[in-house]
There are 2 protein chains.
Amino acid sequence: MPEAASAPTAPRATIGDSEFDRDTALTLREPGVYDIDLSAGWTIISAVNGGYLLAVLGRALGDALPHSDPFTISAHYLTASQPGPAVVRTDVVRTGRTLSTGQASLFQYDEQGREVERIRVLASYGDLDTLPDDVRTTARPPAFPPMEHCFGPEDGPAPVDGSSAIADRLMLKLDPSTLGWALGRPSGKGEMRAWFGLADGRDADPLSLLLAVDALPPTAFEIGISGWVPTVELTVHVRCRPAPGPLRVSITTRNLAGGFLEEDAEVWDSADRLVAQSRQLARARLS
Amino acid sequence: MPEAASAPTAPRATIGDSEFDRDTALTLREPGVYDIDLSAGWTIISAVNGGYLLAVLGRALGDALPHSDPFTISAHYLTASQPGPAVVRTDVVRTGRTLSTGQASLFQYDEQGREVERIRVLASYGDLDTLPDDVRTTARPPAFPPMEHCFGPEDGPAPVDGSSAIADRLMLKLDPSTLGWALGRPSGKGEMRAWFGLADGRDADPLSLLLAVDALPPTAFEIGISGWVPTVELTVHVRCRPAPGPLRVSITTRNLAGGFLEEDAEVWDSADRLVAQSRQLARARLS
């Protein structure tokens with residue numbers, strides 16, 4: 001599937017001219033209000049991926065606010081989105097010199113054409129390129145096998161449901177040590193790791209990081225829980241503009257209790273920079 | 001200072017009748033709108049503690065929503081709050097059977113009496129008592145020295161600035177291994193751990209957990225950064241109703257870069273349950 005991965009000589013899409021950019025493109029209806037046709041290309045079974053939806057809202061806020069990069073964005077998922085028409089309504093909460101804060105909601109329409117809110121987001125934006133280079137992180141990249149030792153949907157037994165359209169748009173190579181669930185032998189550890197990219201070869205940017213943190217199979221699979229794990233809330237911190245090349249995404253769950261679990265994601269770029277951190281609260285049917 | 005800690009026989013305040021409850025009490029102005037006089041008792045130097053403010057907003061949403069317990073609450077801090085009059089305006093975003101989502105903003109007044117927004121919050125509430133007991137957490141409580149081997153402001157050299165009113169309202173006993181900064185020898189590790197309670201002996205509840213996650217000295221102090229570390233955004237997941245008794249709060253920072261850092265907090269109760277997880281993005285002056 002991922003031409004970019006299997007044939008380095010294939011023409012690579014670029015930031016601004018790629019499937020991801022076309023499918024998150026918004027049409028300005030009036031100041032702060034944007035129309036979009038949610039693509040069916042980012043669905044898992046029939047559900048629209050939450051990271052793709054967050055990227056759509058993130059793009060709207062980057063347009064509505066004086067700053068363009070999401071530094072911290074929190075989304076509460078209200079109702080399930082469907083492919084098709086949607087409207088994003090933004091609200092500028094506060095504009096500052098280095099940070100601006102905004103709010104955005106994505107709505108779709110019911111049978112009577114009334115707006116139904118799908119997601120509400122609160123975010124603070126800045127300019128990543130103005131940040132000092134001083135880095136004192138003690139975080140280290142997780143141990144990853146080389147990409148050629150990892151597995152994607154095209155390597156079958158499909159670790160990602162083959163009926164998921166999103167699989168065709170991602171370059172996802174899962175660490176075999178987090179693939180036990182796909183073989184009926186979940187490790188019992190709440191870990192999921194994968195090399196991540198876009199199938200058309202588009203490099204990562206702050207908006208695609210919002211997709212990357214929610215694009216892996218649920219860690220719950222490795223804990224032995226199958227079925228739907230809907231996101232209640234997802235917060236992403238973008239800490240650095242990612243360097244070109246594939247990303248490494250590491251997700252861990254430490255606390256599954258009372259029918260809820262957290263998913264902590266770290267995204268590392270090819271320059272070994274921790275470019276994004278996220279945490280989501282999701283529901284899991286304990287069984 | 002903390003009578004409850006130093007004299008177990010002293011009368012203990014109770015949930016609903018304590019300094020914390022009185023200082024977060026709201027007066028209903030009209031449906032969804034609440035007045036409050038922000039107490040000077042929860043200030044650090046002159047700044048009102050962000051966790052106290054989050055608890056005020058959390059209490060308002062617990063009243064405005066059909067569910068009473070914050071499951072996940074995200075706050076973006078816009079402008080510095082001052083002790084004194086404030087108004088909280090809430091908005092019910094969605095009500096569901098098990099979860100309801102709401103938004104709230106805290107405003108204060110400028111010289112002309114115009115409202116100035118201090119904080120905006122988005123949160124999903126539920127009922128912790130209805131959650132199944134099934135716990136599959138792999139998280140383990142952090143290693144903590146016994147409370148009598150930890151140090152509070154009353155044990156001087158004051159690890160918490162003695163001029164901070166909040167110190168008189170907290171039972172805070174810091175792990176000596178995270179106290180190097182107070183002795184001019186920061187460990188260089190982004191860790192801060194403390195036994196936490198309320199000075200008047202009030203037990204913890206979901207609202208006081210919102211205070212607990214933001215009540216320790218900044219981890220930046222142990223990284224060798226002094227001075228102000230203002231919170232940009234703070235998200236708290238409340239995972240379990242805390243058992244009576246002191247809490248253990250463990251905060252870690254792994255990524256200080258570009259003038260920002262994250263603070264991840266875990267709160268453990270006396271029954272060894274992970275009752276809350278939080279992450280904040282804060283600014284740090286790199287020097």
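Chain letters run A, B, ... following the sequence lines, proteins first and then strands; every chain starts at 1.
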### Message
Between the side chains of B:Arg254 and B:Asp264, is the shortest nitrogen-to-carboxylate-oxygen separation below 4.0 Å, so that they form an ion pair?
### Response
no

### Query
Is it true that B:Arg89 and B:Glu115 make a salt bridge, defined as a side-chain N closer than 4.0 Å to a carboxylate O?
yes

### Query
Who wins among A:Arg273, A:Glu233, A:Arg239 for the most heavy-atom pairs under 4.5 Å with chain B?
A:Arg239

### Task
Measure A:Arg140 against the heavy atoms of chain B and call it side chain, backbone, both or neither at under 4.5 Å.
backbone

### Query
Would you say B:Ile119 and B:Leu78 make side-chain contact, with heavy atoms under 4.5 Å?
no

### Query
When you check the gap from the basic side-chain N to the acidic O, do B:Asp272 and B:Arg248 get nearer than 4.0 Å?
yes

### Query
Any idea which of B:Leu131, B:Thr253, B:Leu128, B:Val232 has the most non-hydrogen atom pairs under 4.5 angstrom with chain A?
B:Leu131

### Message
Which one wins on heavy-atom pair count under 4.5 Å against chain B: A:Ile223, A:Asn255, A:Thr138, A:Thr137?
### Response
A:Asn255

### Partner chain B: residue of A:Thr130, A:Val93, A:Leu261, A:Val121 with the largest heavy-atom pair count (under 4.5 Å)
A:Val93

### Task
Below 4.5 Å from any heavy atom of chain B, which atoms of A:Ser278 appear? Answer side chain, backbone, both or neither.
backbone

### Query
A:Ser105 versus chain B, heavy atoms under 4.5 Å apart: side chain, backbone, both or neither?
neither

### Query
Non-hydrogen atoms of chain B under 4.5 Å away: do they reach the side chain of A:Glu117, the backbone, both or neither?
side chain

### Query
When you check the gap from the basic side-chain N to the acidic O, do A:Asp91 and B:Arg120 get nearer than 4.0 Å?
yes

### Message
Quick one, A:Val213 and A:Val249 - any side-chain contact, counting heavy atoms below 4.5 Å?
### Response
no

#### Entry: Which atoms of A:Thr101 approach chain B - backbone, side chain, both or neither, heavy atom under 4.5 Å
side chain

### A:Arg241 and A:Asp129 ion-paired at < 4.0 Å
yes

#### Entry: Toward chain B, the part of A:Gln280 with a non-hydrogen atom under 4.5 Å
backbone

### Portion of A:Thr72 that has a non-hydrogen atom of chain B nearer than 4.5 angstrom
both

### Message
For chain B, which candidate among A:Gly188, A:Gly96, A:Ala123 shows the most heavy-atom pairs at distances under 4.5 Å?
### Response
A:Ala123

### Task
Let me know which of B:Leu54, B:Leu247, B:Val236 forms a side-chain contact (heavy atoms from CB on, under 4.5 Å) with B:Leu209.
B:Leu247

